[in-house]
Every structure is written in structure tokens, then in C-alpha cells.
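These numbers come from the heavy atoms of this one structure, side chains and all, not from hydrogens, waters or symmetry mates.
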Amino acid sequence: MTYDDFMAEWSDPATDHVGASTSGSTGKPKPVKLAKADMLMSARATIEFFGIGPDDTLATPLAADYIAGKMMAVRALDCGARLLVEKPSRSPLSSLSPDTRIKLVAIVPQQIEGLIASKCEVQHVIVGGAPTSPEAETAATQAWPRTSWWATYGMTETCSHVALRPFGDSRYHALPGVEFSLAEGDRLVISRLGATWSPVVTNDIVDLIDNHTFIFRGRADNAIISGGLKIHPEEVERLIAPALDPYRFYVTARTSAEWGSEVALVVEGAAPADGGRALLDAAALLAGRIRRPRSIIWLDSLPLTDSGKIKRQTF
């Protein structure tokens with residue numbers, strides 16, 4: 001879908017919904033219908049949070065097929081801001097002159113390195129679609145210290161992000177109008193007065209600080225039960241990321257005769273001469289005795305969803 005296609009659908013008075021596709025991070029992508037009123041509500045929360053006005057310029061080097069791209073267009077339309085649309089690439093905004101000033105740009109983690117190589121001035125960057133590594137966050141904030149960098153939390157069904165986390169911080173903060181609570185098993189519940197999708201009970205396990213702030217721990221359906229202990233692979237990944245640089249990897253469960261399941265490391269690439277023992281030892285120092293990966297699996301390439309997210313497998 002092009003942005004012109006989306007704009008035609010958005011401006012069609014015959015329907016109060018637009019079509020979208022989920023990201024497929026927990027399964028096969030599926031089509032959904034989003035209420036235009038919900039999308040406007042979401043857009044206005046972001047506009048309020050960042051103080052976007054008609055004199056500002058927004059940029060989107062993302063496809064219009066997914067919610068992140070669609071919502072950048074809705075935000076610009078609603079507040080009268082200028083929208084720069086680029087074909088998705090690893091080098092977003094690289095063609096812009098140094099005197100170009102961007103109020104807000106939305107990217108995915110794979111575009112961070114290319115963005116900080118560009119010469120334009122960006123006030124706010126929101127990064128979504130997949131987790132960002134601590135190394136990438138540090139590199140971004142050091143390269144562009146005057147830019148505010150934010151990791152997003154949300155889903156297609158909530159019309160993009162409902163919370164933002166400053167790079168280098170562990171806490172997600174709700175957008176205006178959004179509140180959080182907990183369901184059984186510490187699963188996050190998202191609520192927004194007036195939204196047709198509200199409330200949403202997620203499969204995300206969080207530490208709830210208050211009804212506007214939480215710390216993400218991991219997905220309930222990814223949890224590894226090893227020796228009777230519950231381990232969240234996302235937490236392990238954040239801990240061991242420095243030891244795995246520059247490999248692409250993820251943490252998963254592997255059947256174990258001793259533990260039932262054990263924490264395993266899946267790494268993209270060819271195994272080194274030691275089979276990866278040095279990597280496991282380095283990861284163990286960072287993860288600790290209980291959460292450390294106990295084995296390593298090497299794959300030529302990690303399986304990805306249509307939107308570029310890693311497909312987790314158990315072994």
C-alpha cells in the first residue's frame with residue numbers, strides 16, 4: 001500500500017474504518033479494521049505529548065502497510081504539519097540538507113545507525129516494531145545528544161503506541177488519556193476512555209509502578225519454566241546483549257532431561273571453533289547463574305516475520 005492509497009481510504013466518507021495488518025510478532029499477520037475515531041484519538045495523544053503544530057515537519061521512512069506508517073500520516077493531517085514520506089531504507093533522511101528541521105520521525109531499530117549518519121536536525125525520534133538493544137540506545141543518544149529518543153509500546157489494535165520509554169530508562173510512560181492496570185499473572189491491561197478497543201488485556205508481563213507507568217519484563221507466552229523457575233527470555237536478552245555484539249540472536253527454551261526446559265541461546269551465523277563456549281561464558285557472567293543460557297544453537301539465518309521481527313522457536 002502506498003501513502004496515496006491510504007489517504008484515499010482515510011478520506012472515503014463511506015466508511016468509518018480503515019484496513020490494517022497486525023505485525024505478526026506472535027503469529028501470522030492478520031487483517032484488522034481500525035476505527036478512524038480511535039486513530040484520531042491516538043494521533044492527538046502523540047501530538048499533545050510532543051507539542052506538534054502546523055509549523056512543524058514530520059518524517060516517515062516507513063511503509064504505509066503497517067500502523068506506524070499510517071499513524072504518521074494521520075498525525076500530520078490532524079494538526080496540519082508537513083509530512084515527508086520516504087521509501088523505507090537503512091539510511092533514512094540521508095538525502096535531506098543539514099538545515100532541515102524535523103519535529104518527529106518514526107523508525108524501526110534497524111534504521112537507527114543510518115539515521116544518526118544523516119545531517120538533518122531531528123527533535124524527537126520514536127522507535128518501534130522490535131526491541132532496541134542497550135548498545136543501540138547508547139550509540140543513538142551519544143551521537144545525537146540533543147535529540148530525544150523514545151522506544152514505543154503498543155500494537156496495531158491500539159492504533160500504534162500507548163506508551164513511550166526514554167532511551168536508557170526502563171520505565172514506559174502512558175500517553176495522555178491512557179491508563180494501565182494488571183490482570184491475573186501480572187499481565188498488563190491497557191485502557192483508554194472512549195476508545196472502541198478498550199480495555200485490552202495483553203500477554204505482556206510487567207512491573208506496574210502506577211496507573212501511568214510500568215517496566216516491561218516479557219511476554220507470558222515466551223516464559224521459560226526451568227527447574228520450577230519462571231524466566232523471561234526478553235530480560236535475559238537485555239542482560240546479555242553486550243556479550244553477543246555484533247551477533248543477531250534471541251533466547252528461547254530447549255528441552256532438558258534435567259530441568260524440563262533450559263535457557264538456550266539461538267545465534268545467527270557460523271559457529272566459531274569453540275562452538276560458542278566463549279559466548280556462553282560471557283553471557284553467564286551477565287545473566288547470573290539461574291538465568292544463564294546453558295546451550296547455544298547456530299542458524300545460518302534467523303526466521304523473520306513479514307514485518308522483519310524475529311520468529312522465536314523452541315527446540
Side-chain angles (χ1 to χ4, degrees), residues 22-27 32 38 41-42 45-46 49 67-68 71 106 108-109 126-134 136-137 148-195 197-226 228-241 250-253 261 263 286-288 290-291 305 307 309-312 314:
T22 61
S23 66
S25 57
T26 58
V32 293
D38 288 344
M41 192 180 298
S42 173
T46 300
F49 187 91
I67 189 62
M71 287 306 303
V108 294
I126 54 176
V127 185
T132 52
S133 69
E137 295 190 9
S148 64
W149 294 83
W150 304 84
T152 65
Y153 176 88
M155 57 203 73
T156 302
E157 293 86 344
T158 60
C159 302
S160 188
H161 54 266
V162 294
L164 295 166
R165 174 180 64 78
F167 272 20
D169 196 343
S170 61
R171 295 164 295 179
Y172 283 92
H173 304 276
L175 285 188
V178 176
E179 292 192 352
F180 303 121
S181 57
L182 291 179
E184 183 179 359
D186 291 337
R187 289 181 300 157
L188 181 69
V189 180
I190 308 168
S191 301
R192 184 185 185 97
L193 185 64
W197 51 261
S198 179
V200 169
V201 180
T202 74
N203 274 326
D204 293 329
I205 308 302
V206 305
D207 293 326
L208 190 67
I209 308 302
D210 55 44
N211 63 352
H212 294 103
T213 315
F214 68 86
I215 297 173
F216 176 80
R217 294 176 57 196
R219 288 190 60 82
D221 39 7
N222 289 339
I224 301 167
I225 308 300
S226 181
L229 299 174
K230 182 181 290 187
I231 300 169
H232 295 287
E234 296 92 342
E235 288 185 327
V236 180
E237 289 163 1
R238 288 192 290 272
L239 289 171
I240 69 174
Y250 67 92
V251 169
T252 191
S261 291
V263 178
L286 296 173
I290 293 175
R291 293 186 288 189
T305 67
S307 59
K309 295 183 180 180
I310 292 174
K311 285 184 179 180
R312 294 179 185 269
T314 56

Start with the C-alpha gap between Val251 and Ile240, add the side-chain angles, then the distance that decides, and say whether side chain to side chain contact (heavy atoms under 4.5 Å, CB included) holds. CA-CA 10 Å; Val251 169; Ile240 69 174; 4.0 Å; yes

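- Considering all non-hydrogen atoms of both residues, Val178 and His212 come closest at O-CD2, 3.3 Å.
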Determine, stepwise, if the pair Ile215 / Arg171 fulfils side chain to side chain contact (heavy atoms under 4.5 Å, CB included). CA-CA 5 Å; Ile215 297 173; Arg171 295 164 295 179; 3.9 Å; yes

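- Across Thr156 and Ile67, no two heavy atoms sit closer than the pair OG1-CG2, 3.9 Å.
- The two residues Pro109 and Val127 have their closest heavy-atom pair at N-CG1, 3.6 Å.
- Note: Tyr153 and Phe214 have perpendicular aromatic rings, judged against thresholds of 30 and 60 degrees for the angle between ring planes.
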Where do Phe49 and His173 land on the side chain to side chain contact (heavy atoms under 4.5 Å, CB included) test, with the steps shown first? CA-CA 11 Å; Phe49 187 91; His173 304 276; 5.6 Å; no

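- The minimum heavy-atom distance between Thr252 and Ile224, with the atom names listed, is O-CD1, 3.3 Å.
- For Phe180 and Tyr172, the gap between ring centers reaches or exceeds 6.0 Å.
- Ser191 and Ser198 make their closest contact through CA-OG, 3.3 Å (heavy atoms, listed as atom of the first residue, atom of the second, distance).
- The main-chain N or O of Ser261 is found under 3.5 Å from a side-chain atom of Ser226 such that the two form a donor-acceptor pair.
- Using a 4.5 Å cut-off on side-chain heavy atoms (C-beta onward), His232 and Asn222 make no contact.
- Formation of a donor-acceptor pair under 3.5 Å by the Ser42 side chain with backbone atoms of Cys159 is found in this model.
- Between Val162 and Leu175, every side-chain heavy-atom pair lies at or beyond the 4.5 Å cut-off.
- A pairwise comparison of heavy atoms in Tyr250 and Lys311 identifies OH-O, 3.9 Å as the closest pair.
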Starting from the C-alpha separation in whole Å, work towards a yes-or-no answer on side chain to side chain contact (heavy atoms under 4.5 Å, CB included) for Thr202 and Glu157. CA-CA 11 Å; Thr202 74; Glu157 293 86 344; over 6 Å; no

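- The salt bridge (charged side-chain N to carboxylate O under 4.0 Å, His left out) test with Glu237 is passed by exactly one of Arg291, Arg219, Arg312: Arg312.
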